[in-house]
Amino acid sequence: MDFEISDEQSAMVAGVRDVLRGRFSPSHFRELEDNAEWPWEAMKVLGDQGYLSILAPEELGGAGGTSFDAMLCLEEAARVMGGPAMAFFTTMCFGVRSLAELGTPAQQEKILPGLMAGTSFVGLSLTEPDGGTDVLGAMRTRARQDEDGTWVINGAKIFTTGAHIADYVIAVVRTDGFDKRSSYGVTMFLVPTDAPGLTITPIPVFAQRTTGANNVIFDDVRVPADMILGEVNKGLYALFNVLNDERIGAATMALGIAQAAFDEALEYAKNRTAFNRPIGQFQAVQHKLAEIWVRLQAVRQMVYRAAWLQTNGKPAEMESSGAKLLASETCIWVVNECMDVLGGYSHTLEFNMSYYLRDGRYTFAPVTNNAVKNLIGERLGLPKSY
């Protein structure tokens, strides 16, 4: 394994930093978060510079990059704030990558250019009201085919990121085996958000308000057969590889947010004085920051390893799950420690710490950490616990 960052990758990361830090002030992203507004301006600049097309091959107009490239850029975005990082990640992973790998030429021609330009969005509508981790057991949304070949979808989804501003949602629904828990029988549909019978309602949330979460209701929504993404009844198998990237993405965003909190706390410790000296001179503060740094390095190595395995086509299920588990729990601990360094100032809006506190909770998403532990335990040869 070689985690040495190439000059080209360093330039990519610097470019993301230039866009999100150089062209936009911290107050810009705070305002978007406070007002629950999608970061259209930043996304368009990222699109213009080719960052949203990292995971698309060159023959489709993409950059032909790797999961490792995307992870490096996403980590930098998360060091700015959770909102733009989530918009960046979901566009790259659920939108661009899904269309590039699974879409038909007609679907790619119609949808990919807007996604890569940052002017449109496709949301993944997977989670159902009766269960998130138990995807197969909870899946009540289903589609049946009419005699004319049109599919009719009925059901409900919840927590669909960005659906309220999306042009399409990828609806993951059951099309066969309605009374079973089988992975076979699940199909993905590209559903226009203006389709008759489709209702999208934002869910009031206190974190990640920039990208938002939504209820999506399907009431006899008619979708032509040419809007199936991938193969009929084999949609869940196609999602497995994307879900590895999702776990790596969640781990990367948790890492980036934790790093941002550390950077803010370290700078504060260098400049805040008490008893005529910087508080970073006191061992209680200095040791706290030293331990944070060590844990961040451990998380980074695990996240980078998972991304390296995914990039090189090697099994990454356990590593991506483990990285998500460690990064999400470490992020909460880091932010809490950094808030202690700032003391009362951690509660002021002069600093970003309160946003890191809200946006850094990935212990339940995209899958709960208990479910992650179940998966790892099963892969270790232990009996299935659920």
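Because only heavy atoms are used, hydrogens play no part in the values below, and waters and symmetry mates are left out as well, while side chains stay in. None of the values given here were measured: they were computed from a predicted structure. The first residue of the sequence shown is numbered 1, and numbering continues consecutively from there.
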Asks: Please step through side-chain hydrogen bond (donor to acceptor under 3.5 Å, both in side chains) for the pair Asn215 and Thr201, ending with a clear verdict.
Replies: CA-CA 5 Å; Asn215 290 309; Thr201 307; 5.7 Å; no

Asks: Please check if Leu326 and Val367 belong to a single hydrophobic cluster, counting links between Ile, Leu, Val, Met, Phe, Trp and Tyr side chain heavy atoms closer than 4.5 Å.
Replies: no

Asks: Which atom names give the shortest non-hydrogen contact between Leu136 and Ser183, and what distance separates them?
Replies: CD1-OG, 3.7 Å

Asks: Might you confirm whether atom CD of Glu41 has over 12 heavy atoms from other residues, nucleotides or ligands at distances under 6.0 Å?
Replies: no

Asks: State whether the side chain of Gln107 and the backbone N or O of Asp226 hold a donor-acceptor pair below 3.5 Å, judged by distance alone.
Replies: yes

Asks: Is it the case that the side chain of Glu33 and the backbone of Gln208 share a donor-acceptor pair, with hydrogens and angles ignored and the cut-off at 3.5 Å?
Replies: yes

Asks: Decide yes or no on side-chain hydrogen bond (donor to acceptor under 3.5 Å, both in side chains) for Tyr345 and Glu264, but give the supporting numbers first.
Replies: CA-CA 11 Å; Tyr345 280 100; Glu264 193 166 89; over 6 Å; no

Asks: Walk me through whether Ile292 and Trp333 qualify under side-chain contact (heavy atoms from CB on, under 4.5 Å).
Replies: CA-CA 9 Å; Ile292 292 171; Trp333 177 83; 3.8 Å; yes

Asks: Just by distance, do the side chain of Ser354 and the backbone of His347 share a donor-acceptor pair under 3.5 Å?
Replies: no

Asks: Can you check whether Thr161 reaches Phe94 side chain to side chain, under 4.5 Å on heavy atoms?
Replies: no

Asks: Under the 3.5 angstrom rule, does the side chain of Arg379 hit a backbone N or O of Glu317 as a donor-acceptor pair?
Replies: no

Asks: Looking at Tyr268, I'd like to know if its OH atom is crowded, meaning that more than 12 non-hydrogen atoms belonging to other residues, nucleotides or ligands lie closer than 6.0 Å.
Replies: yes

Asks: Report yes if some heavy atom in the side chain of Thr90 is under 4.5 Å from a heavy atom in the side chain of Phe121; otherwise report no.
Replies: yes

Asks: Between Arg21 and Glu76, is the closest basic N to carboxylate O distance under 4.0 Å?
Replies: yes

Asks: If you count every heavy atom of other residues, nucleotides or ligands that lies below 6.0 Å from Lys110 atom NZ, does the total exceed 12?
Replies: no

Asks: Between Met86 and Tyr362, what is the shortest heavy-atom contact and its length?
Replies: CE-OH, 3.5 Å

Asks: Roughly how far apart are Thr211 OG1 and Trp38 CH2, rounded to 0.5 Å?
Replies: 6.0 Å

Asks: Are Val341 and Phe282 linked, directly or through other ILVMFWY residues, by side chains that come within less than 4.5 angstrom of each other?
Replies: yes

Asks: On a heavy-atom basis, which atom in Pro84 and which in Pro39 lie closest, and how many Å separate them?
Replies: CA-CG, 4.3 Å

Asks: To the nearest 0.5 Å, what is the distance between CG on Leu380 and CG on Leu375?
Replies: 9.5 Å

Asks: Can a donor-acceptor pair be found between the side chains of Gln9 and Asp69 at a distance below 3.5 Å?
Replies: yes

Asks: Using a 6.0 Å distance limit plus a 45 degree cone around the ring axis, check whether Arg358 lies over the aromatic ring of Tyr355.
Replies: yes

Asks: Can you tell me if CD on Gln297 sees more than 12 non-hydrogen neighbours from other groups inside 6.0 Å?
Replies: yes

Asks: So among Phe218, Tyr168, Trp151, which one has a side-chain contact (heavy atoms from CB on, under 4.5 Å) with Phe189?
Replies: Trp151

Asks: Within the side chain of Thr91, is there an N or O that forms a donor-acceptor pair under 3.5 Å with the backbone of Phe88?
Replies: no

Asks: Strictly by modelled atom types, are Asp148 and Thr150 linked by a side-chain donor-acceptor pair under 3.5 Å?
Replies: yes

Asks: Kindly indicate whether the side chain of Leu99, heavy atoms from C-beta on, has any atom under 4.5 Å from the side chain of Leu190.
Replies: yes

Asks: To the nearest 0.5 Å, what is the distance between CG on Asn154 and CD1 on Ile217?
Replies: 10.5 Å

Asks: Thr199 vs Asp219, test: side-chain contact (heavy atoms from CB on, under 4.5 Å). Steps then yes/no.
Replies: CA-CA 8 Å; Thr199 303; Asp219 184 8; over 6 Å; no

Asks: Is the closest side-chain heavy-atom distance between Leu126 and Phe159 below 4.5 Å?
Replies: no

Asks: How many angstroms lie between atom CD1 of Ile170 and atom CG of Leu124, to the nearest 0.5 angstrom?
Replies: 5.5 Å

Asks: Does the Lys NZ or Arg CZ of Arg295 fall within the cation-pi geometry relative to Phe262 - under 6.0 Å from the ring centre and within 45° of the axis?
Replies: no

Asks: Taking Leu32 as the starting point, is it possible to reach Met353 by hopping between hydrophobic residues whose side chains are less than 4.5 Å apart?
Replies: yes

Asks: Above 12 or not: heavy atoms from other molecules or residues under 6.0 Å from CD of Glu8?
Replies: no

Asks: Does atom CD of Gln145 have more than 12 heavy-atom neighbours, drawn from other residues, nucleotides or ligands, at distances under 6.0 Å?
Replies: yes

Asks: Say whether Ile5 and Leu296 are linked into one hydrophobic cluster, either directly or through other cluster members, by side-chain heavy-atom distances under 4.5 angstrom.
Replies: yes

Asks: Please check if atom CH2 in Trp293 has more than 12 non-hydrogen atoms from other residues, nucleotides or ligands closer than 6.0 Å.
Replies: no

Asks: Are Glu75 and Arg79 within salt-bridge range, i.e. N to O under 4.0 Å?
Replies: no

Asks: Give a yes or no on whether the backbone of Arg247 and the side-chain of Ser320 come within a donor-acceptor separation of less than 3.5 Å.
Replies: no

Asks: Any side-chain donor paired with an acceptor under 3.5 Å for Asn233 and Thr175?
Replies: yes

Asks: If we ignore hydrogens and angles and just use 3.5 Å, is the side chain of Ser120 paired with the main-chain N or O of Asp167 as donor and acceptor?
Replies: no

Asks: Mark yes or no for whether Gln108, through its side chain, and Gly103, through its backbone, hold a donor-acceptor pair below 3.5 Å.
Replies: yes

Asks: For Gly95, does its backbone N or O pair with a side-chain atom of Ser98 as donor and acceptor, under 3.5 Å?
Replies: no

Asks: Please report the shortest heavy-atom distance between Ala42 and Leu20, naming the atom on each side.
Replies: CB-CD2, 4.0 Å

Asks: Is there a side-chain hydrogen bond (donor to acceptor under 3.5 Å, both in side chains) between Gln259 and Asp263? Walk through the geometry before answering.
Replies: CA-CA 6 Å; Gln259 183 67 54; Asp263 292 342; 2.9 Å; yes

Asks: Does Thr119 form a side-chain contact (heavy atoms from CB on, under 4.5 Å) with Trp40? I'd like the steps, not just the answer.
Replies: CA-CA 7 Å; Thr119 57; Trp40 287 116; 5.5 Å; no

Asks: Measure the spacing between NZ of Lys270 and CG of Leu289 and express it to the nearest 0.5 Å.
Replies: 9.5 Å

Asks: Contact between Val186 and Val172 at the side-chain level, heavy atoms closer than 4.5 Å - yes or no?
Replies: yes

Asks: I need the Cys73 SG to Met92 CE distance, nearest 0.5 Å.
Replies: 7.0 Å

Asks: Any donor-acceptor pair under 3.5 Å linking the side-chain atoms of Asn369 with those of Lys324?
Replies: yes

Asks: When you look at Asp359 and Met253, which way does the side-chain contact (heavy atoms from CB on, under 4.5 Å) test go after all the steps?
Replies: CA-CA 9 Å; Asp359 289 346; Met253 287 187 284; over 6 Å; no

Asks: Taking C-beta and beyond as the side chain, do Val135 and Met139 meet within less than 4.5 Å on heavy atoms?
Replies: yes

Asks: Checking Glu319 side chain against Arg305 main chain: does a donor-acceptor pair fall under 3.5 Å?
Replies: no

Asks: Are Ile279 and Leu342 linked, directly or through other ILVMFWY residues, by side chains that come within less than 4.5 angstrom of each other?
Replies: yes

Asks: Taking the side chain as C-beta and beyond, is there a heavy-atom pair between Val169 and Lys157 under 4.5 Å?
Replies: no

Asks: Does the side chain of Met227 come within less than 4.5 Å of Val191's, by heavy atoms?
Replies: no

